[in-house]
Amino acid sequence: MLQTKEKKKREKYDIVSNVIIIVFAVLNLFPLYWLFTSSLKNSSDVIKMPPDWWPKTFTFSNYTDVFNNQPALRWTLNSLFVAGISTILVVIASSMAAYAFSKLNFFGKNMLFVIFISSLMVPKEVMIVPLFRITQDLGMVNSLWGMIWPNVATAFGVFLLKGFFDSVPDALREAARIDGAGETRTFLQILLPIVKPGIGALFILNFVQVWNDYLWQLVIGQDKNVKTLMVGIATLMQDLNPNFAYKMAGATVAAVPMLLIFLLFQRYFTRGIAGGAVKE
């Protein structure tokens, strides 16, 4: 009897919990719904009060205008190139550095790691001026590579992946060494596949961070053809007589790649965040 009561109580608790989760999920998805439906309206309907929760008439001219009147396709390709190349370089550099800090022994390792990670406490806005001067001296202002390289020098990826490498038993690395595997082979073929969930989580987090890095891309990309999608869409907001539906279409185009990246790597992201929270 007691077990039956406990079971019913647990079922009621699960039902209430699921209802609360669904409500919050709908609330979080509502901005995306409003963004997409507004991009299919006329400009006057977007600011209409009371609002139309569903478009009375659908129009796709906002999307065609974005790509016909502005170099939106070029902006999108620029953003994909900057975010994609930056993320790949970050994954490569962070995985090698995290492996070194986790599994290799060298003088001053712990102190160097503390100094390295302490850079996370410095906001990027503080480093904008020196970063710009360095980028200018290297001749990379107004170029996509000037947006990429400063994003590669980040300690967050090292901090994240080191936790995953720490969870891998040292005995596994020692067994590989006994079998004749060198350091490079041990890293690439033995340990790196094990920390794949962490790499997936890092890929998503870094891609979104670089994709939304408006300030640095605005400072470096001065030419219209070098602008990224975030900067280009922001310029559409500066019109004296703004077409709000036109802006919504541009914002929707900017949001789609991030949603696709998250859906493609969601499995690794979930496993990576969960795995990073558990230490053996």
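Position 1 is the first residue of the sequence; numbering continues from there.
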So which atom in [X] and which in [Y] form the shortest heavy-atom distance, rounded to 0.1 Å?
{"X": "Leu172", "Y": "Val168", "answer": "CD2-CG1, 3.9 Å"}
{"X": "Met230", "Y": "Ser79", "answer": "N-OG, 4.3 Å"}
{"X": "Asp223", "Y": "Asn142", "answer": "N-OD1, 2.7 Å"}
{"X": "Ser102", "Y": "Asp166", "answer": "OG-OD1, 2.5 Å"}
{"X": "Thr186", "Y": "Ala176", "answer": "OG1-CB, 3.9 Å"}
{"X": "Lys109", "Y": "Leu104", "answer": "NZ-O, 3.0 Å"}

- Task: State plainly whether the residues Asp137 and Arg133 are in salt-bridge range, i.e. N to O under 4.0 Å.
- Result: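 So Asp137 does not pair with Arg133 through a salt bridge.
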- Query: Using 4.0 Å as the upper bound for N to carboxylate O, is an ion pair formed by Lys103 and Glu183?
  - Reply: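 A salt bridge is absent here (no side-chain N lies under 4.0 Å from a carboxylate O).
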Would you say [X] and [Y] make side-chain contact, with heavy atoms under 4.5 Å?
{"X": "Met248", "Y": "Thr37", "answer": "no"}
{"X": "Trp216", "Y": "Thr135", "answer": "yes"}
{"X": "Phe116", "Y": "Met111", "answer": "no"}
{"X": "Leu120", "Y": "Ile117", "answer": "yes"}
{"X": "Leu144", "Y": "Ile85", "answer": "no"}
{"X": "Leu205", "Y": "Phe156", "answer": "yes"}
{"X": "Met140", "Y": "Ile148", "answer": "no"}
{"X": "Trp149", "Y": "Ser86", "answer": "no"}

- Query: Taking it one step at a time, do Tyr99 and Arg173 satisfy side chain to side chain contact (heavy atoms under 4.5 Å, CB included)?
  - Reply: CA-CA 11 Å; Tyr99 174 79; Arg173 178 170 171 264; 3.2 Å; yes
- Kindly determine whether Leu215 and Glu125 satisfy side chain to side chain contact (heavy atoms under 4.5 Å, CB included), including the steps that lead there. CA-CA 8 Å; Leu215 179 59; Glu125 290 76 10; 3.8 Å; yes
- Item | Candidates Ile199, Val152, Leu202 - the one meeting side chain to side chain contact (heavy atoms under 4.5 Å, CB included) with Ser94 | Leu202
- Any side-chain donor paired with an acceptor under 3.5 Å for Ser39 and Asn62? no
- Task: State whether a side-chain donor-acceptor pair under 3.5 Å links Thr228 with Asn78.
- Result: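 Note: Thr228 and Asn78 side chains miss the donor-acceptor criterion.
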Got a second to check how far [X]'s [atom1] is from [Y]'s [atom2], nearest 0.5 Å?
{"X": "Leu191", "Y": "Arg185", "atom1": "CG", "atom2": "CZ", "answer": "13.5 Å"}
{"X": "Gln189", "Y": "Ile194", "atom1": "CD", "atom2": "CD1", "answer": "12.0 Å"}
{"X": "Leu131", "Y": "Asn151", "atom1": "CG", "atom2": "CG", "answer": "9.0 Å"}
{"X": "Phe132", "Y": "Ile128", "atom1": "CZ", "atom2": "CD1", "answer": "10.0 Å"}
{"X": "Leu77", "Y": "Asn225", "atom1": "CG", "atom2": "CG", "answer": "11.5 Å"}
{"X": "Leu138", "Y": "Gln136", "atom1": "CG", "atom2": "CD", "answer": "10.5 Å"}

With hydrophobic residues grouped by side-chain heavy-atom distances under 4.5 Å, do [X] and [Y] end up in a single group?
{"X": "Val26", "Y": "Ile21", "value": "no"}
{"X": "Tyr33", "Y": "Ile22", "value": "no"}
{"X": "Ile190", "Y": "Leu188", "value": "yes"}
{"X": "Phe30", "Y": "Phe36", "value": "yes"}
{"X": "Val129", "Y": "Val141", "value": "no"}

- Donor-acceptor pair, side chain of Asp213 and main chain of Gln209, under 3.5 angstrom: no
Specify whether [X] and [Y] have parallel, tilted or perpendicular ring planes, treating 30° as the upper limit for parallel and 60° as the lower limit for perpendicular.
{"X": "Phe81", "Y": "Trp145", "value": "perpendicular"}
{"X": "Phe101", "Y": "Phe106", "value": "tilted"}
{"X": "Trp211", "Y": "Phe207", "value": "parallel"}

- Between Val90 and Phe203, is a side chain to side chain contact (heavy atoms under 4.5 Å, CB included) present by the stated rule, with each step listed? CA-CA 8 Å; Val90 165; Phe203 191 95; over 6 Å; no
- Message: Within the supplied structure, the quantity of interest is the number of heavy atoms (other residues, nucleotides, ligands) at a distance under 6.0 Å from Tyr63 OH; does it exceed 12?
- Response: yes
- Give the C-alpha distance, both sets of side-chain angles, the deciding distance and a yes or no for side chain to side chain contact (heavy atoms under 4.5 Å, CB included) between Val82 and Val210. CA-CA 8 Å; Val82 171; Val210 177; 3.9 Å; yes
- Query: Below 6.0 angstrom between ring centroids: does that apply to Trp75 and Phe67?
  - Reply: no
